[in-house]
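FYI, the numbering just counts along the sequence from 1.
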Amino acid sequence: MRIVILDGYTANPGDLSWKPLEEVGELTVYDRTTPEETVGRAKDADIVLTNKVCLMRQEIEQLPRLRYIGVLATGYNVVDLGAARERGIVVTNIPAYSTESVAQMVFAHLLTVTNRTEHYARQNRAGRWTDSPDFSYCDTLLTELAGKTFGIVGLGNIGRRVAAIAHAFAMNVVALTSKAADELPPYIGKRTLDELLAESDVVSLHCPLTPDTKHMINRQTLQQMKPSAILINTGRGPLVDDQAVADALEAGRLRAFCADVLTEEPPRSGNPLLRCEQAYITPHIAWASCEARVRLVNIAIGNVRAFADGRPQNVVK
């Protein structure tokens, strides 16, 4: 059995090991693969693992040996599931491996805005505290989270974990969710999107990207939010309209935007959010803690072994 990993570098830049896959079949690992290289590299493979390299109908139809696609992520929009089903190709993903890491990043971003630790560390390296006439100095707004309202859009694994952490900070937690109100923990209040945006001091996006949720944060919905609100997106970039958010920040109609994802990745140099002082952008790394990557690689290897043993797991329906 031949196994090809098309873009293994982000999950495993060299500190982890794919070696257990060699017990299943002949393994070839590529750090990165361009769209033009995809078919040539995968054409003799029975098993293909991919993170962001797309395997759509055009590619799948040119891969006659392909029997299994393992997505090295939770989201599987990089695979044409219809084309795979027609060929009887099993598609698996890696569920819930990064829940703790992404939830942690949400609050790393939030505390960056409310406590400004990076700002003060930079100021102190420049001698600001040394030169201060007082034992303490403060040149920014500092905000206490307790008692503020934290709005969560989407209560999947990550959304629920974020809710629990927000509750631990003594925040009031509200959520937009398809779950019935009596299914929610007692500390989560169910809201409509309009209600959530109007009430929340912090809005955090954790819903899937669908035609209905694309640009759910836009010029109109931003006007429903408090000018003092903080918007956080660690879900999918296109959930927000980049230009609309940038305009709101520059006009003082939004306090801050924190994101680990953008519509285009890597972003073009002209992305309007990159020039906004109140936009705090990290380069899609919320998932990438060492612990989360270890889980990802181990689950991916386990998925391949289960398929080889005739009992596939984590199959995408």
Side-chain angles (χ1 to χ4, degrees), residues 1-102 104 156-158 284-317:
M1 202 171 329
R2 295 182 178 177
I3 305 170
V4 171
I5 302 176
L6 292 173
D7 53 344
Y9 183 82
T10 51
N12 178 13
D15 56 341
L16 306 178
S17 176
W18 297 112
K19 193 171 179 61
L21 288 176
E22 295 176 3
E23 301 170 8
V24 180
E26 177 186 336
L27 176 65
T28 303
V29 180
Y30 297 101
D31 284 346
R32 303 168 186 85
T33 295
T34 67
E36 295 75 22
E37 294 170 328
T38 301
V39 171
R41 290 182 171 182
K43 63 183 175 61
D44 295 323
D46 304 283
I47 292 173
V48 170
L49 304 185
T50 179
N51 190 324
K52 293 295 182 286
V53 177
C54 292
L55 291 168
M56 297 301 170
R57 182 175 296 274
Q58 178 181 347
E59 289 80 22
I60 289 171
E61 288 178 346
Q62 298 180 71
L63 303 174
R65 292 188 52 163
L66 188 59
R67 298 166 49 204
Y68 172 94
I69 299 171
V71 181
L72 298 173
T74 302
Y76 43 83
N77 57 305
V78 296
V79 178
D80 186 327
L81 295 181
R85 289 192 195 102
E86 290 171 17
R87 285 269 311 279
I89 297 169
V90 173
V91 181
T92 67
N93 71 338
I94 315 288
Y97 73 94
S98 63
T99 299
E100 296 295 340
S101 292
V102 176
Q104 179 176 314
N157 291 322
I158 296 172
H284 206 143
I285 56 170
W287 66 278
S289 69
C290 180
E291 293 82 357
R293 290 187 299 105
V294 167
R295 284 192 291 270
L296 183 152
V297 169
N298 287 341
I299 294 170
I301 292 169
N303 285 350
V304 172
R305 283 175 165 164
F307 171 76
D309 290 342
R311 47 176 183 81
Q313 63 184 19
N314 296 318
V315 176
V316 176
K317 304 298 185 182

Any chance you could measure [X], atom [atom1], to [Y], atom [atom2], to the nearest 0.5 Å?
{"X": "R311", "Y": "R305", "atom1": "CZ", "atom2": "CZ", "answer": "10.0 Å"}
{"X": "N314", "Y": "F307", "atom1": "CG", "atom2": "CZ", "answer": "14.0 Å"}
{"X": "T10", "Y": "H284", "atom1": "OG1", "atom2": "NE2", "answer": "9.0 Å"}
{"X": "R32", "Y": "T34", "atom1": "CZ", "atom2": "OG1", "answer": "12.0 Å"}
{"X": "D31", "Y": "N12", "atom1": "CG", "atom2": "CG", "answer": "9.0 Å"}

Does [X] reach the side chain of [Y], with side-chain heavy atoms less than 4.5 Å apart?
{"X": "E291", "Y": "E100", "answer": "no"}
{"X": "I5", "Y": "L21", "answer": "yes"}
{"X": "T33", "Y": "V4", "answer": "no"}
{"X": "D15", "Y": "R293", "answer": "yes"}

Handout entry: Candidate pair L55 and T50, rule side chain to side chain contact (heavy atoms under 4.5 Å, CB included), full reasoning
Key = CA-CA 8 Å; L55 291 168; T50 179; 4.0 Å; yes

How far apart are the closest heavy atoms of [X] and [Y], and which atoms are they?
{"X": "V24", "Y": "M1", "answer": "O-CB, 4.1 Å"}
{"X": "P95", "Y": "I299", "answer": "O-CD1, 4.4 Å"}
{"X": "A300", "Y": "L72", "answer": "CB-CD2, 3.6 Å"}
{"X": "G25", "Y": "I3", "answer": "N-CD1, 3.8 Å"}
{"X": "L296", "Y": "A11", "answer": "CD2-CB, 3.9 Å"}
{"X": "A292", "Y": "W287", "answer": "CB-O, 3.1 Å"}

Practice task
Please indicate whether Q58 has more than 12 foreign heavy atoms, meaning atoms of other residues, nucleotides or ligands, lying under 6.0 Å from its CD.
Solution key: no

Handout entry: Neighbour count >12 (heavy atoms, 6.0 Å) for atom OH, Y76
Key = no

Please list, one pair per line, the donor and acceptor atoms closer than 3.5 Å that link side chains of residues 85-94 to other protein atoms, with sequence neighbours excluded.
{"from": "R85", "atom 1": "NH2", "to": "K317", "atom 2": "O", "distance (Å)": "3.1"}
{"from": "E86", "atom 1": "OE1", "to": "R57", "atom 2": "NH1", "distance (Å)": "2.9"}
{"from": "E86", "atom 1": "OE2", "to": "R57", "atom 2": "NH2", "distance (Å)": "3.1"}
{"from": "R87", "atom 1": "NH1", "to": "I60", "atom 2": "O", "distance (Å)": "2.8"}
{"from": "R87", "atom 1": "NH1", "to": "L63", "atom 2": "O", "distance (Å)": "3.4"}
{"from": "R87", "atom 1": "NH2", "to": "L63", "atom 2": "O", "distance (Å)": "2.8"}
{"from": "R87", "atom 1": "NH2", "to": "P64", "atom 2": "O", "distance (Å)": "3.4"}
{"from": "R87", "atom 1": "NH2", "to": "L66", "atom 2": "O", "distance (Å)": "3.3"}
{"from": "T92", "atom 1": "OG1", "to": "Y68", "atom 2": "OH", "distance (Å)": "2.6"}
{"from": "N93", "atom 1": "ND2", "to": "T74", "atom 2": "O", "distance (Å)": "2.8"}

Problem - Heavy-atom donor-acceptor pair, S98 side chain to S101 backbone, under 3.5 Å - result: no

Practice task
Give a yes or no on whether the backbone of D7 and the side-chain of N51 come within a donor-acceptor separation of less than 3.5 Å.
Solution key: no

Practice task
Answer yes or no: is there an ion pair linking D46 with R65, defined by an N-O contact shorter than 4.0 Å?
Solution key: yes

